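To start, the structure under review is shown below, and the notes come after it.
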Amino acid sequence: MSKRRVWAAVAVVTAGVSGVAVFQAFPGGSGGSGSGQDKPVTGPVQAHVRSAALQVDGDRGEIPKRETQPFSLVGLSWTKPTADLPGSVEVRARSSSSGEWGAWKSLEVGGRGAAAEESRRGATEPAWVGSSDGVQVRVDGRGSALPAGLRLEMVDPGKGTAAVSPEPVAFAVDAEPSDEATATPPDTVTTTPEEGESTSPPPADDSASPSPGETISSSTPAATTTPSASVSASPVATVPAAPTSTAPKPVITTRAQWGADESLNDEAPGYGTEIKVVFVHHTVDANTYTCAESAALVRAIRAYHIKSNGWKDIGYNFLVDKCGTIFEGRKGGVDQPVIGAHNPGFNTNSAGIAVLGEYSSIDASAAAKSSVAQIAAWKLGQYRHDPAGKVDLTASMDNGKFKLGQTASFYRISGHRDGYFTECPGNKLYASVPEIRALAGGPVTGLALKPFTGAGLSGTTAYTKGSLTVNWTTTTASAFIRRFDVLVDGKVATTGGPAATSAPLTLTPGSHTLAVRVTHISGNTTVTAGTTVVAETTAPTFSTKPSLALRTGTVDTTAVPVTLNWKGADNSTLKEVRLTKPSAHTYGPTVTGAALTANSGTAGTWSMTAYDYAGNTASASLTATPTILQETSATRTGAWTTKTSSSYLGGKSYSSTAKNASLTWTFTGRSAAWVVSRAAGSGQADIYVDGVKATTVDMKSATTSYRAVQWTKTWSTSGAHTVKIVVTGTSGRPTVTTDGFVYLK
């Protein structure tokens, strides 16, 4: 690693009064996260790392409450990267906006030799505390000596949010060009010390710890040119060819977009030969950050990794915030097998994806886990590795969990703790690694057919005229789907994209088996059960044409009770029959009649349509005119008495007790009905049709009723007929009261 310019600055001490806390200000550059508003990044954003030595006494170390220059992320480092830091480390910060001190926050110790391949210093995991201007630290070694050179690292990430809000891109398989341009060596960088900084030469080793009571202020000098966002400064020949992937490339916020200051480090990235495994991490920062702060958080972590750990760049290959935004990590090309510093012993030929936040007691968001799975699927897909599979790797060092040269078996997507002695990525996120693996490796879940559009379902068989739309749903997000195929008789008939939920289809006449197959980005497929679909264009029929007949019931001057009869049929399966005039009703396929009413004295059209499940139709209609004849229009014999009441048709009726008294109506029609009044004392009457006795009817009723149809007769065709009513003179109840006659023309 080349030397970086760091200027020592003398601490400014504010004298205190006895009994009053003494605050020491840490000098540094102007600007930073303590004031102003974040704006979209338009160029490199300078991050500042300021350090302060701890006061150490045996197994205890501390920094009392102090005012500081603005910072947002803190961590603790010490001289030897292989030295252990026993016990616990706690830090709390004072908010620069509210002036309130926050709760104590524990810093996670990475373990012996964290990322030892690159480390120049030992260091805890950093912690995001937000915009702060005061700090307090306490270290408890719990009886063990603390390592030498303990110092607090305070990172001001500078101002700026990600320059873009990426939108998803269209899916493309095996056609993923590298986003990284061919790199040329960067221009010479000139630097100027910030105001208030010493211009003396930097120390021989910028990882040396400060003397007790001294502070070091280190800031990134500004570059005279805009550096490349994510390309290697190595010769083109050393950069591997970027392979295409079987999985789609997700949207990634580049280093330029989140404001990486490439002048902070100028070492060339290292490359493996492929990506064999993806390790999931958490950054052990606060979960209270806003997604607008994510770019600053990434910059702060990078500055900490470089300045405090002594790494060549940020340790992770990718970082993901809780909103699912993906950030490019270590430079060298997102589509390259860049060697990171995230899992000692297994950094080569692996990719490290860190979720911003701390996930020991809470799980990462669904958006974050989805993005981790997308990145993992894409990177592993570049080398045709199954994200749900396993791989054996050999440890390149003794990392505290595996010995040098030891073979370890990993899932292709594993948690950091699977390869290293650490709690990372936290208990909750670690428990979700199988979920991430399933998202990335598939198969697609929840695939189900929905009812077809343009087809009817009868039992398990669908019917269509030929053209229909196939509909489906899944529970897997479209980001993990390559395509949908509609299969007809086992062959692909049409294809839909990853976000498709339907597809139009035309079938040839006959019976077919239809299914939908979905391909996960990993290549795993899922197929629905086959559904029988019959394509046919034969219309149904009325095997019995619709006809109308009078029926028993109550007659009003405007409404006559009738029965509509029909019978529908189909060569496959009849679905329903609909009456559309004079009223609207729908009947099932086995129904052949319905009790209705018709307007009297009006010629009415009765229209019906039969439907099969394919949507084929057949129509039929008839015209009928119900006509009411008053009793006064009949030819009378014998004695009849006129009765008046609003309950009678027209307000009056005829009544007779005389045996053989008669009423005769002559009409032309196809159905007839006799209307009477009924009571407990009502008698009987004989009915003659066209001169022949048809039946004897009894009008006796426990309850009194008016305008009741007592008898009906229907013929197949319309014709001239005579109906005669003869009083039988029933003993003890001879009365017959007639209220008119109805026929259908």
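Since the model is a prediction, treat every value here as computed from it, not as a measurement.
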Under the salt bridge (Lys or Arg N to Asp or Glu O under 4.0 Å) test, which residues partner Asp556, sequence neighbours left out?
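Per chain and number, Asp556 pairs via salt bridge (Lys or Arg N to Asp or Glu O under 4.0 Å) with Arg707.
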Counterpart residues, salt bridge (Lys or Arg N to Asp or Glu O under 4.0 Å), relative to Arg678 (two or more places apart):
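Result, salt bridge (Lys or Arg N to Asp or Glu O under 4.0 Å) vs Arg678: none returned.
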Among residues at least two apart in sequence or on other chains, which ones pass side chain to side chain contact (heavy atoms under 4.5 Å, CB included) with [X]?
{"X": "Thr592", "answer": "Lys567"}
{"X": "Thr557", "answer": "Leu649"}
{"X": "Pro734", "answer": "Thr657"}
{"X": "Thr666", "answer": "Thr722"}

Please identify each residue that fulfils side-chain hydrogen bond (donor to acceptor under 3.5 Å, both in side chains) with [X], with sequence neighbours left out.
{"X": "Asp698", "result": "Gln684, Arg733"}
{"X": "Thr531", "result": "none"}
{"X": "Tyr463", "result": "Thr573"}

For Tyr587 and Trp566, what are the C-alpha separation, side-chain angles and deciding distance, and is it a ring pair (Phe, Tyr, Trp, His ring centres under 6.0 Å)?
CA-CA 11 Å; Tyr587 305 100; Trp566 71 87; 5.0 Å; yes
With Tyr411 via ring-ring contact (aromatic ring centres under 6.0 Å, His included) - residues at least two apart:
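Checked Tyr411 against ring-ring contact (aromatic ring centres under 6.0 Å, His included); zero matches.
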Could you list the residues that satisfy ring-ring contact (aromatic ring centres under 6.0 Å, His included) with Phe452, not counting sequence neighbours?
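Residues passing ring-ring contact (aromatic ring centres under 6.0 Å, His included) with Phe452: none at all.
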If you draw a 6.0 Å radius around NZ in Lys369, do more than 12 non-hydrogen atoms from other residues or ligands fall strictly inside?
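Atom NZ in Lys369 is packed in, count exceeds 12.
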With salt bridge (Lys or Arg N to Asp or Glu O under 4.0 Å) as the criterion, how do Asp570 and Lys575 come out once you've worked through the C-alpha distance, each side chain's angles and the decisive distance to 0.1 Å?
CA-CA 9 Å; Asp570 189 67; Lys575 180 182 180 183; over 6 Å; no
Side-chain atoms of residues 713-720: list all donor-acceptor pairs with protein atoms under 3.5 Å, sequence neighbours left out, distances to 0.1 Å.
unit_1 : atom_1 : unit_2 : atom_2 : d
Thr714 : OG1    : Ser671 : OG     : 2.9

Out of Thr495, Thr525, Thr494, which one pairs with Asp485 under the side chain to side chain donor-acceptor pair (under 3.5 Å) rule?
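Checked Thr495, Thr525, Thr494 against Asp485; only one passes side chain to side chain donor-acceptor pair (under 3.5 Å): Thr495.
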